[in-house]
Amino acid sequence: MELLVGKIGRAHGLRGEVAVQVRTDQPEDRFAAGMVFDTDFGPLRIDSLRWTSGRLLVHFEGVTDRTGAERLRGTSLVADVPDDERPEDPEEFFDHQLVGLHAQTVGGEDVGEVAEVLHLPMQDVLAVRTPEGREILVPFVAAIVPEVDLDGGRVLLDPPPGLLRPEEEPTDSGPPGDAGADDADRSTGAGPSTGAGPSTQGGSA
């Protein structure tokens, strides 16, 4: 299985280092000297890496100057992981585990199927496709998605008024998904549905 674990950002310094936007909650497992990633430029092997001010700086083999580093900007880093691998935290999920799950309300109403996981700046969002072809964007927070049942192939939704049917939204309500300051976001910002992850479920990738 291919898993998106990071994306290359700006060049750092003059010797080929690049900043990497981490897209995994397990960076210590995904980033180490000698690890190889699949990219549009072909395989990239980590020569060395270091953390500074909360940023991951990586030097890849064969990249010796700033010009070479700048060419890599925007490149996705994809790692091969076992198909049955799951995040250590039971409240976290890889995108590919969520895509395809049947969405149903706690009241038993069929809503549709999770078509995509969107990693937005504020939180992760489940894009649910209804049988009629509509797309419903469901904030992936515990207050609205109280249960993810991988073995049962479904996610349970407890949607606020107006989320599934905008015409039902009360005029004085806040925006859909505004669950309040005490309801924790399930998002970690872990990248694309082809293997991004993990997205975090529960009170907290």
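Minimum heavy-atom separation, V155 to V145: CB-CG1, 4.4 Å. When every heavy atom of A69 is checked against every heavy atom of V18, the shortest pair comes out as CB-CG1, 3.5 Å. Scanning both residues, I144 and P159, for their nearest heavy atoms gives CG2-CA, 4.4 Å. When all heavy atoms are compared, the tightest approach of V128 to A103 is CG1-CB, 3.9 Å. Residue I136 comes nearest to L163 through the heavy atom pair CG2-O, 3.7 Å, listed as atom of the first residue, atom of the second, then distance. The nearest pair of heavy atoms linking A33 to L49 is N-CD2, 3.7 Å.
Rounding to the nearest 0.5 Å gives a distance of 15.0 Å between CZ of R73 and CZ of R71. Atoms CG and CD, from D65 and E17 in turn, are 13.0 Å apart once rounded to the nearest 0.5 Å. To the nearest 0.5 Å, atoms CD (E116) and CG (L98) are separated by 12.0 Å. The distance from the CG atom of D95 to the CG atom of L4 is 8.5 Å, given to the nearest 0.5 Å. Note: F37 CZ to T75 OG1 = 12.5 Å, rounded to the nearest 0.5 Å. Atom CG of L77 sits about 7.5 Å away from atom OG1 of T39, to the nearest 0.5 Å.
Within the 4.5 Å cutoff, side-chain heavy atoms of Q97 are placed close to those of L150. At a threshold of 4.5 Å between non-hydrogen side-chain atoms, the residues L118 and L137 count as touching. Residues L44 and I8 meet the side-chain proximity criterion, which asks for heavy atoms closer than 4.5 Å.
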**Request:** Show your reasoning for whether side-chain contact (heavy atoms from CB on, under 4.5 Å) applies to L57 and V20.
**Result:** CA-CA 6 Å; L57 300 178; V20 171; over 6 Å; no
**Item:** side-chain contact (heavy atoms from CB on, under 4.5 Å) assessment of F93 paired with V148
**Value:** CA-CA 9 Å; F93 305 91; V148 177; 3.6 Å; yes
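Judged as a salt bridge (Lys or Arg N to Asp or Glu O under 4.0 Å), the pairs with a partner in residues 132-142 (not counting sequence neighbours) are, in order, R129-E135. For the side-chain hydrogen bond (donor to acceptor under 3.5 Å, both in side chains) condition, the pairs that include at least one residue of residues 98-115, sequence neighbours left out, are H102-D110, Q104-D110, Q104-R154, E109-R165. Among residues at least two apart or in separate chains, side-chain hydrogen bond (donor to acceptor under 3.5 Å, both in side chains) pairs with a member in residues 40-49 are D47-H59.
A donor-acceptor pair under 3.5 Å is absent between the side-chain atoms of T52 and the main chain of R55, judged by distance alone. At least one donor-acceptor pair under 3.5 Å links the side chain of R66 to the backbone N or O of G13.
Among the candidates V117, V125, D124, the single residue satisfying the side-chain contact (heavy atoms from CB on, under 4.5 Å) test with F140 is D124.
For F60 and F41, the distance between ring centers is not under 6.0 angstrom.
Residues R10 and E70 are not paired through a salt bridge, judged by the lack of any N-O separation under 4.0 Å between the basic side chain and the carboxylate.
Cluster annotation: V138 is not connected to L156 through the hydrophobic network of ILVMFWY side chains, with a link wherever side-chain heavy atoms come within less than 4.5 Å.
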